[in-house]
Q: 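Starting off with a structure, shown below.
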Amino acid sequence: MKLTDTVSGAYVRITRFDSVNAFVRRRLSDLCIAEGSVVTLLQTLPFRGPCVIGAEGQSVAIRRSDADNIEVEAV
Amino acid sequence: MNRIGLIGNPNTGKTSLFNALTRSYAYIGNWSGVTVEKKVGQLINRQGSLTDLPGVYSLNPLSKDEGVTACYMLDEEPARVINVVDASQLERNLLLTLQLLEHGCEVVVALNMVDLAELRGIHVDAEKLSRDLGVRVVPVVARAGKGIDELLSSVSAPCAAASGDSESDDSGDTGDSIPVDYGPALERVIRETMKALPEGIKRKRWIAVQFLEGNEPVADWLRRRLPEAELLRLRELAEKVVRESGGSSCSEWIRQCRMARIKACAEACLRLERTAREPLSQRLDRLLTHRWLGIPIFVLLMFLTFKLTFDWVGVRISDALDGWMQGPAAEALNRALTYAGAGDFGKALIMDGIWAGVGGVIVFVPQIFILFFILSFIEDSGYMARIATVMDRLLEKAGLNGKAFISMIIGFGCNVPGVMAARTIDQPKERLIAILLTPLMSCSARLTVYSLFVGTFFKSHQAAIVLALYVMGIALALALAKLFAKWIAGDEPSVFVVELPPYRFPQWKTLSRSTWEKGKGFMRKAGTFILGGSVVIWLLSAMGPSGWGSDIRHSFLHMLGSWFAPLLSPLGFGSWQSASSLITGFFAKEVVVSTMNIIYAAPTEAGLGSELTRFLTPLQAFSFMAFTLLYVPCLATVGVIRKETGSARWTWFSVGYSLAIAYIVSLLIYRAGLWLGMQ
């Protein structure tokens, strides 16, 4: 399932990450968000605006198109 | 000299720590990328100098400001660095720490914000961490000044390991001295790379690992020393052995090895307490980045800012100051000059030139300080990153990036730091567009012009009219961004990743200092540029081809203005007075006001305002304000655009396009107004 399909606030684990834009992927890895990380979708902005994701006590905003490419599974 | 580098992840409080450790004051904000250039300061105990570097997650840079830090580690070879680590994000911060350990310089870890971490149930055992990493770890709370003395004494001691780095070049592969083991296969490639490096190079292991990880500044540095083919072979070899070991890519493999090392370390020294309460920041974010309320709340906050600056507080103080400066203060000065025996020339120069020119700008200081205060509050609270997030969709549609909005908001204070803040934008072309558009943001200098004009022509709607000008600047920036993006950026994909730091309530001390630092620039300008400009303008207004003391209508200033005035008459302000104020206003936009004060050296009690109403209608005044907003970036901004783009062509472009836009917009406003039957 895609990260953007999950219910806001539910914790999920990232399973696939490779189709995310390389730059975004690298930046997320810098923030320790990579395959295997447990994340949660905190907020989505309207008109396919950015998504705020939470992981390990931090919040990061990324574009919707990148969040759509993050595959996750329920924890 | 004991030179120390200050390195850490973005937004971990490096700048607060820098200010606590040195005598100097640097600018603080709660958003990633406050420090875009390195800054050097003296330690308070005078035992060395400290270099504050842009925040990085890794020594392998992704953007230009991160490259500054990588190059510093490579070229300046600091003997010692203070690594600021955010205690509540230990694991992420240690990714950088491990790379610093590989570098081989002496590392002192400043474990910052331990208080906030404890509040969130995160307990870091500094002693165990110190033992695990083999470096000194000092817990600090930079904002409150806790632990600073201990940190100071531990970095001021003579460098114990000064010899360690140079002699241990080849010992990088001897067992326990390596911070991270990358597995037998990759370690063989690392050793091979180290052997290929020319003699006499220090920090071989660090250079080898960074190179194989894909660090471009390091690769460039190596290209000057080794043949390209050899470098290519080593990288390919590394990729090959990683894939044979089951990894996806060399950089990913290296990252995973580091993460494994960090996990082991965290297990030993990190204790987490589950706190049931949702962090305050997340609760606030549910409102401030709310799906539908996020943008309206932001617009409302901006409107309140203008209300405070123009209606409720700022204007009242400015008016009182103006009354005092034109009344009792001017009289007292006049009397003092007479008493001192000043001649007519001296008196006229001081009263009609300097006092009118500089005083006309100084009266707006209260408003400018209020605006700077609110901007500092926004920066320090952490709201800036949220603004970038809620505005991203709109800016993405315009071909930009939410981070460009940070540049724009900073640009409201002053365009110069606004242009510099564009460095945090990762994509070079988006960055260029943000640099070109930031000057359309209405800065505090232009505020003096608006204040004068709205106070005269639009008494009952001051905040609304000024807000309209600000919105116009933003709207034009967005429209032009779309155009520029097509033309400049082509198909380069736009990216947006922004960390939302925890909110914090700004400290009074930090706020007042940062307001003062920003406002000081304005005061300094008043004392230099505007003072000098006022003298020159007054001289030009008092001299003419026929000589000294001629009527202003035969002065050089009149001649200069008259040449350009016909060009401006389609816009509604074709008088020589308007033209000459705009020309001199290129040096600094406040000079527009100074020039008008000198030209209309108002003989009447009512001052400049009533003089202006004789020459301009409200519609013409609005057209003039729009033109002032847009026509050219001021001299200082042009300078910083030249520096940041590194291109004369783009600098000329920014001047040229803004002039064209100003002309078109003012023409449209004036003609549309006339057509609607306005005067």
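So you know, we letter chains A, B, ... as the sequences are listed, proteins then strands, and number each from 1.
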Q: Please state whether the rings of A:F47 and B:W292 are parallel, tilted or perpendicular, taking 30° and 60° as the class boundaries.
A: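 A:F47 and B:W292: perpendicular rings.
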Q: Does the side chain of B:V180 reach to within under 4.5 Å of the side chain of B:V209, using non-hydrogen atoms?
A: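 Answer no - side chains too far apart.
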Q: What part of A:L42 gets within 4.5 angstrom of chain B, counting heavy atoms only: side chain, backbone, both, or neither?
A: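 Interface part for A:L42: side chain.
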Q: Chain B heavy atoms under 4.5 Å from A:V24: which part of the residue, side chain, backbone, both or neither?
A: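 When you check distances to chain B, atoms from both the backbone and side chain of A:V24 fall under 4.5 Å.
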Q: Select, from A:L31, A:I62, A:V60, the one with the greatest count of heavy-atom pairs under 4.5 Å involving chain B.
A: A:L31
Q: Before you tell me yes or no, could you show the steps for B:L119 and B:D115 under side-chain contact (heavy atoms from CB on, under 4.5 Å), namely the whole-Å CA-CA distance, both residues' side-chain angles and the distance that decides it to 0.1 Å?
A: CA-CA 6 Å; B:L119 272 180; B:D115 54 338; over 6 Å; no
Q: Report the option among A:S65, A:P50, A:P46 that has the most heavy-atom pairs separated by less than 4.5 Å from atoms of chain B.
A: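 Of A:S65, A:P50, A:P46, A:P46 has the most heavy-atom pairs under 4.5 Å with chain B.
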Q: Measure the shortest side-chain to side-chain distance between A:T44 and B:R291 over non-hydrogen atoms and say whether it is less than 4.5 angstrom.
A: yes
Q: On the six-membered ring of B:Y57, is A:R27 placed so that its NZ or CZ lies under 6.0 angstrom from the centre and within 45° of the ring axis?
A: no
Q: Against chain B, label A:Q43 side chain, backbone, both or neither, depending on which of its atoms sit under 4.5 Å from a heavy atom there.
A: side chain
Q: Taking the six-membered ring of B:Y503 as reference, does the NZ or CZ atom of B:R386 fall below 6.0 Å from its centre and within a 45° cone about the axis?
A: yes
Q: Please flag which part of B:V390 lies under 4.5 Å from any non-hydrogen atom of chain A: side chain, backbone, both or neither.
A: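 Contact with chain A is through both the backbone and side chain of B:V390.
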Q: If you count heavy-atom pairs under 4.5 Å with chain A, which of B:E396, B:M259, B:Q282, B:E252 comes out on top?
A: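 That would be B:E396.
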Q: Which bit of B:N9 is near chain A, if near means a heavy-atom gap under 4.5 Å: side chain, backbone, both or neither?
A: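 Contact with chain A is absent: no heavy atom of B:N9 under 4.5 Å.
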Q: At a 4.5 Å cut-off on heavy atoms, which part of B:R120 comes close to chain A: side chain, backbone, both, or neither?
A: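 The answer is the side chain of B:R120.
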Q: Could you check if a side-chain atom of B:I122 sits within less than 4.5 angstrom of a side-chain atom of B:L90, using non-hydrogen atoms only?
A: no
Q: Counting heavy-atom pairs under 4.5 Å with chain B, which one of A:S59, A:G49, A:G54 comes out on top?
A: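 Top count of heavy-atom pairs under 4.5 Å with chain B: A:S59.
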Q: If you count heavy-atom pairs within less than 4.5 Å of chain A, which of B:T289, B:L95, B:L394 leads?
A: B:T289
Q: So for B:Q256, is it side chain, backbone, both, or neither that comes closer than 4.5 Å to the heavy atoms of chain A?
A: neither
Q: Using a 4.5 Å cut-off on heavy atoms from C-beta on, say whether the side chain of B:L94 contacts that of B:C265.
A: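 When only atoms from C-beta onward are counted, B:L94 and B:C265 do touch, with a gap below 4.5 Å.
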Q: At a heavy-atom separation under 4.5 Å, does B:Q89 approach chain A through its side chain, its backbone, both, or neither?
A: side chain
Q: Which answer fits A:R48, side chain, backbone, both or neither, if we ask what part of it has an atom under 4.5 Å from a heavy atom of chain B?
A: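 For A:R48, the contact with chain B is made by backbone and side chain together.
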Q: Any ion pair linking B:R258 and B:E102 (charged N to carboxylate O, less than 4.0 Å)?
A: yes
